[in-house]
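The structure appears right after this line, and notes come after that.
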Amino acid sequence: MKHLLKMMDLSSEEIIEILNLADQLKYEQKHGIPHNHLKGKTLGMIFEKASTRTRVSFETGMYQLGGYPLFLSSNEMQIGRGEPVEDTARVLSRYLDGIMIRTFKQEEVEKLAEYGNIPIINGLTDYCHPCQVLADLLTVREYKNKLDGLNMCYIGDGNNMANSLIVGCLKVGMNVSVACPDGYHPDKTVLDFTKDYSNFTLTNDPKKAAEGADVLFTDVWASMGQESEAEKRRIAFKGYQINDGIMSSAHGDAMVLHCLPAHREEEITAKVFEEHANEIFDEAENRLHAQKAVMVKLMG
Ligand code: CP
Ligand code: NVA
């Protein structure tokens with residue numbers, strides 16, 4: 001494993017290895033055991049979009065591993081004034097030991113990896129959010145003690161989160177049921193990937209998707225960059241909400257996860273959110289542990 005560009009690039013074994021290492025690093029951090037695996041290493045963190053969790057968890061994680069994180073806002077870099085990503089990659093490779101990037105186009109992340117010669121980590125694109133899904137799988141495994149054979153349900157936009165969750169959950173042996181409105185389906189490359197899996201279903205009926213679910217996921221109806229479509233999307237996504245009605249279709253002990261930020265009363269009711277707040281905030285914490293594992297694997 002040279003980079004983390006998308007879930008599709010990881011084998012099932014690599015996913016499990018990352019989760020196991022994350023468990024170990026979490027234990028070490030909780031027990032005050034030094035784990036300076038990246039002593040003297042530097043991580044550049046390029047942000048073209050807002051972030052709370054990704055920025056703070058990578059920055060803190062790098063510090064805890066003995067390394068140094070550099071926050072690089074794209075609009076203060078030459079890349080924000082049009083310097084090609086191919087050149088940015090070759091320059092930053094001479095200074096840094098790794099780059100985490102949050103941007104719009106997946107191609108930009110792929111190009112960084114192609115032109116640079118240091119590990120590249122995708123911190124979210126319009127296409128996918130692999131770091132989040134590793135943290136999500138870590139959280140599900142903590143609560144359920146397994147992944148293989150669990151029923152997962154995703155309700156909402158076929159966006160970056162849906163794309164990564166579908167691939168990640170199928171790779172670790174979960175049964176995946178997705179409900180999206182027509183016109184808002186997951187990416188074609190992801191739907192092509194699911195063709196090899198008989199345990200994947202895509203429907204426009206949220207209640208049906210939630211039947212027997214062990215874990216339910218949702219995400220915002222309008223992602224970063226889609227602000228101008230918010231009104232249109234509010235209409236298209238009506239009914240694609242995790243609420244008591246949906247929860248009554250799921251297993252009695254089903255978990256609910258959300259990558260955050262959440263829009264209460266849109267994709268999830270405030271009631272369901274608060275009933276599952278422990279799971280959701282454990283999930284947010286696990287960004288730290290999962291990403292530390294990714295950095296150690298790639299840069300250690
Ligand atoms: N879930 C997530 O990536 O959060 P941020 O946008 O705050 O980084
Ligand atoms: N789908 C959301 C996820 C945020 C972490 C977005 O892209 O804005």
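These numbers come from a predicted model, not from an experiment. We're numbering straight along the sequence, starting at 1. Order of listing sets the numbers, starting from 1, for every ligand and every atom in it.
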Could you check whether His263 and Glu267, counting side-chain N and O atoms only, form a donor-acceptor pair closer than 3.5 Å?
no

In this structure, atom 7 (O) of ligand 1 is nearest to the protein heavy atom Thr52 N, 2.7 Å

Would you mind reporting whether Asn160 and Thr125 have side-chain heavy atoms less than 4.5 Å apart?
no

Donor-acceptor under 3.5 Å (Arg53 side chain, Ala284 main chain)
no

For Leu260, the ligand 2 atoms with a heavy-atom partner under 4.0 Å come out as 5 (C)

Is there a nitrogen or oxygen of Leu260 sitting under 3.5 Å from a nitrogen or oxygen of ligand 1?
yes

Between Thr189 and Asp187: side-chain donor-acceptor atoms closer than 3.5 Å
yes

Ligand 2 to Ser223 polar contact by distance, N or O atoms, under 3.5 Å:
yes

Is the number of heavy atoms from other residues, nucleotides or ligands within 6.0 Å of NZ (Lys111) greater than 12?
no

Does Leu124 have a heavy atom less than 4.0 Å from any atom of ligand 1?
no

Around atom 4 (C) of ligand 2, find the nearest protein heavy atom and jot down its residue, atom name and distance.
Leu124 CD1, 3.9 Å

Nearest option to atom 6 (O) of ligand 1, as decided by whichever heavy atom of Lys49, Arg53, Arg102 sits closest
Arg102

What I want to check is whether the side chains of Asp126 and Gln226 have a donor and an acceptor closer together than 3.5 Å.
no

Can an N or O of Asn160 be found at a distance shorter than 3.5 Å from an N or O of ligand 2?
yes

Which residue and heavy atom of the protein sit nearest atom 3 (C) of ligand 2, plus the separation:
Asp219 OD2, 3.6 Å

Subset of ligand 1 atoms that lie under 4.0 Å from at least one heavy atom of Cys259:
1 (N)

Residues Lys26 and Asn286: side-chain donor-acceptor under 3.5 angstrom:
yes

Do Asp282 and Tyr143 get their side chains close enough for a donor-acceptor pair, meaning under 3.5 Å?
yes

Taking atom types as modelled, find out whether Ser248 and Lys207 have a side-chain donor-acceptor pair closer than 3.5 angstrom.
yes

Pull out every atom of ligand 2 sitting under 4.0 Å from any heavy atom of Met224, numbered as shown with elements.
6 (C), 7 (O), 8 (O)

Near Asn159 (heavy-atom distance under 4.0 Å), the atoms of ligand 2 are 1 (N)

Nearest non-hydrogen protein atom to atom 2 (C) of ligand 1, with distance, is Arg287 NH1, 3.2 Å

Numbered atoms and elements of ligand 1 in range of His129, under 4.0 angstrom, heavy atoms:
2 (C), 3 (O)

